[in-house]
Engineer: 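Handing you this structure, nothing more for now.
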Amino acid sequence: MIESIPDYGEVFCMYQRRAAVRRGRRRTRRRRGSRLPLYAFLLAVLFFTLASALPPEEPPQPAQPARTVAVRSMASLAEPDAPDLSSWSLTLVNQWNPLSRDNTFTPEKLSNGLVVDQRCYPDLQAMMDACRAAGLSPVICSAYRSYEKQEELYQNKVDRLLAQGYAQTDAEEEAGKVVARPGTSEHQLGLAVDIVDLDNQNLDETQEDTAVQQWLMAHSWEYGFILRYPGGKSEITGIIYEPWHYRYVGRDAAAEIYAQGVCLEEYLAP
């Protein structure tokens, strides 16, 4: 049997079609491959757009210690207690509150022979030592006085005023502003001292300008002493301004009196 001879034209056309199909497939693959960078770029843009729309992340905060709330007791919220008028260091002595003639205390003698109440001596010594350490020269010129000594000083002042022409009543009243009447002087307590500057031992207002008095006015409260008769308080104390007379009241009371700017009468007032 004789096989038929193939039609070469048809075969050639068939190969042409197959080649076209293969070329088309390659073009399709090339087109798809060329789009991958574009897809990647679009995905990147989309990612960063979404990321920028999110709220910024807060940085981690250090751990905070647990907070505690202090609870104050009712007692601490109450008003501070009134001064204890029965305290030996707060005994009020003035023309309205005389001291008993037989008042006694344990005496402590100073190096110059004067006497103070033994209970105030340690703070008095500490104050004098501190004043001297500051380069100053304080001198205690008066301390405890007996009832009899105070009576003598008062009467001498009255006699001098009488000699100047004062009437008896006026002389006694005027003398009482400068020298306390017997029984009304703090010096009888043993808690009061007169301190002057070595370079100025006059008991007058020039004392306030001395370095010793300026130091004492600023620091005496730290040792339990107060300037007993400050300026502007004479109507309350009954005594003229005495920038040399210091009274021991204890450290707590002295700090309060100094901070409040009051005299002892005001501090002890109900």
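Bear in mind the structure is a predicted one, so any value in this text is a computation, not a measurement. Numbers for residues simply follow the sequence, beginning at 1.
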Engineer: Are Phe225 and Tyr121 connected in the hydrophobic side-chain network, where two residues link if heavy atoms are under 4.5 Å apart?
Structural biologist: yes
Engineer: Given the rule in the side chain to side chain contact (heavy atoms under 4.5 Å, CB included) test, do Cys263 and Ile257 qualify, once you have shown the distances and angles that lead to the verdict?
Structural biologist: CA-CA 7 Å; Cys263 63; Ile257 290 172; over 6 Å; no
Engineer: Would you say the side-chain atoms of Ser220 pair up with the backbone N or O of Met217, donor to acceptor, closer than 3.5 Å?
Structural biologist: no
Engineer: Would Val262 end up clustered with Leu92 when hydrophobic side chains under 4.5 Å apart are linked, directly or stepwise?
Structural biologist: yes
Engineer: Are more than 12 heavy atoms from other residues, nucleotides or ligands located less than 6.0 Å from atom CD of Gln201?
Structural biologist: yes
Engineer: Between the side chain of His187 and the main-chain N/O of Arg145, is any donor-acceptor distance below 3.5 Å?
Structural biologist: no
Engineer: Set out, in order, the CA-CA distance, both residues' side-chain angles and the distance that settles ring-ring contact (aromatic ring centres under 6.0 Å, His included) for Tyr223 and Tyr248, then state yes or no.
Structural biologist: CA-CA 8 Å; Tyr223 304 91; Tyr248 186 77; over 10 Å; no
Engineer: Can you confirm whether the side chains of Glu208 and Gln213 place a donor and an acceptor under 3.5 Å from each other?
Structural biologist: no
Engineer: Has Asn202 got a side-chain atom pairing as donor or acceptor with Asp204's backbone, closer than 3.5 angstrom?
Structural biologist: no
Engineer: Say whether Gln150 and Tyr154, considering side chains only, have a donor N or O and an acceptor N or O under 3.5 Å apart.
Structural biologist: no
Engineer: For Tyr267 and Glu256, does a side-chain donor sit closer than 3.5 Å to a side-chain acceptor?
Structural biologist: yes
Engineer: Would you call Lys157 and Glu174 a salt bridge, taking side-chain N to carboxylate O under 4.0 Å as the test?
Structural biologist: no
Engineer: Are Gln168 and Glu172 close enough that a side-chain donor and a side-chain acceptor fall under 3.5 Å?
Structural biologist: yes
Engineer: Within the 3.5 Å criterion, strictly below it, is a donor on Asn200 or Thr206 matched to an acceptor on the partner's side chain?
Structural biologist: yes
Engineer: Please check if the side chain of Asn112 supplies one atom and the backbone of Ile140 the other of a donor-acceptor pair under 3.5 Å.
Structural biologist: yes
Engineer: Could you grab the distance from atom CG of Asp117 to atom CG of Leu189, nearest 0.5 Å is fine?
Structural biologist: 8.5 Å
Engineer: For Asp197 and Gln207, work out which heavy atoms get closest and say how close.
Structural biologist: N-OE1, 3.4 Å
Engineer: Grab the two heavy atoms, one from Arg247 and one from Thr91, that are nearest each other, plus how far apart they are.
Structural biologist: NH2-O, 2.8 Å
Engineer: Indicate the atoms forming the closest heavy-atom contact of Leu90 with Ala253, along with that distance.
Structural biologist: CD2-CB, 3.9 Å
Engineer: Side chains of Val116 and Val193: does their closest heavy-atom pair fall under 4.5 Å?
Structural biologist: yes
Engineer: Looking only at non-hydrogen atoms, find the nearest pair between Val178 and Glu242 and report the distance.
Structural biologist: O-OE2, 3.7 Å
Engineer: Could you go through His219 and Gln214, starting from their C-alpha distance and side-chain angles, then the distance that decides it, and tell me whether this counts as side chain to side chain contact (heavy atoms under 4.5 Å, CB included)?
Structural biologist: CA-CA 9 Å; His219 298 285; Gln214 290 175 8; over 6 Å; no
Engineer: Examine Leu216 and Val196 and state if one hydrophobic cluster contains both, with Ile, Leu, Val, Met, Phe, Trp and Tyr joined whenever side-chain heavy atoms are less than 4.5 Å apart.
Structural biologist: no
Engineer: Compare every heavy atom of Trp215 with every heavy atom of Leu136, then report the nearest pair and how far apart it is.
Structural biologist: CD1-CB, 3.5 Å
Engineer: Given side chains that start at C-beta, do those of Glu265 and Thr237 come closer than 4.5 Å, heavy atoms only?
Structural biologist: yes
Engineer: Between atom CD of Glu108 and atom CZ of Arg119, what is the distance when rounded to the nearest 0.5 Å?
Structural biologist: 12.5 Å
Engineer: Distance check, rounded to the nearest 0.5 Å: Ile240 atom CD1 versus Lys177 atom NZ?
Structural biologist: 10.0 Å
Engineer: Output yes when a side-chain donor or acceptor of Ser185 lies under 3.5 Å from a complementary backbone atom of Pro182, and no otherwise.
Structural biologist: no
Engineer: Let's go through Asn97 and Asn94 carefully: what are the C-alpha distance in whole Å and the side-chain angles of both, what is the deciding distance for side chain to side chain donor-acceptor pair (under 3.5 Å) to 0.1 Å, and is it a yes or a no?
Structural biologist: CA-CA 5 Å; Asn97 297 274; Asn94 56 27; 2.9 Å; yes
Engineer: If only atom types and distance count, is the side chain of Gln118 paired as donor or acceptor with the main-chain N or O of Thr106 below 3.5 Å?
Structural biologist: no
Engineer: Find the distance between OH (Tyr147) and OG1 (Thr184) and round it off to the nearest 0.5 Å.
Structural biologist: 9.0 Å
Engineer: Tell me whether the count of non-hydrogen atoms from other residues, nucleotides or ligands lying under 6.0 Å of OH in Tyr241 goes above 12.
Structural biologist: yes
Engineer: Is there a path of hydrophobic side-chain contacts, each under 4.5 Å between heavy atoms of I, L, V, M, F, W or Y residues, that connects Tyr166 with Val158?
Structural biologist: no
Engineer: When the ring planes of Trp221 and Tyr258 are compared, do they come out parallel, tilted or perpendicular, using 30° and 60° as the limits?
Structural biologist: parallel
Engineer: Give a yes or no answer on whether the side chain of Ser89 reaches the backbone of Val249 with a donor-acceptor pair at less than 3.5 Å.
Structural biologist: yes
Engineer: Is there a chain of hydrophobic side chains (I, L, V, M, F, W, Y, each step under 4.5 Å between heavy atoms) that links Ile195 to Leu110?
Structural biologist: yes
Engineer: Would Leu191 and Glu186 count as a side chain to side chain contact (heavy atoms under 4.5 Å, CB included) here? Give the steps.
Structural biologist: CA-CA 7 Å; Leu191 299 177; Glu186 286 195 326; over 6 Å; no
Engineer: If you apply the rule salt bridge (Lys or Arg N to Asp or Glu O under 4.0 Å), what do you find for Lys233 with Glu266, and how did you get there?
Structural biologist: CA-CA 10 Å; Lys233 301 291 185 180; Glu266 293 172 307; 2.9 Å; yes
Engineer: What's the separation between atom SG in Cys141 and atom CG in Leu198, rounded to the nearest 0.5 Å?
Structural biologist: 11.5 Å
Engineer: With distance as the sole criterion, is a donor-acceptor pair present between the side chains of Asn103 and Gln188 under 3.5 Å?
Structural biologist: no
Engineer: If every non-hydrogen atom of Pro243 is compared with every non-hydrogen atom of Leu227, which pair is closest and at what distance?
Structural biologist: CA-CD1, 3.9 Å
Engineer: Please say whether more than 12 non-hydrogen atoms of neighbouring residues, nucleotides or ligands are located less than 6.0 Å from CG in Asn156.
Structural biologist: yes
Engineer: Using atom types as modelled and distance alone, determine if a side-chain donor or acceptor of Ser234 lies under 3.5 Å from a backbone N or O of Ile239.
Structural biologist: yes
Engineer: Atom CG of Leu114 and atom OH of Tyr144: how far apart are they, to the nearest 0.5 Å?
Structural biologist: 12.5 Å
Engineer: Could you tell me whether Asp194 and Arg228 make a salt bridge, using a distance below 4.0 angstrom between a side-chain N and a carboxylate O?
Structural biologist: no
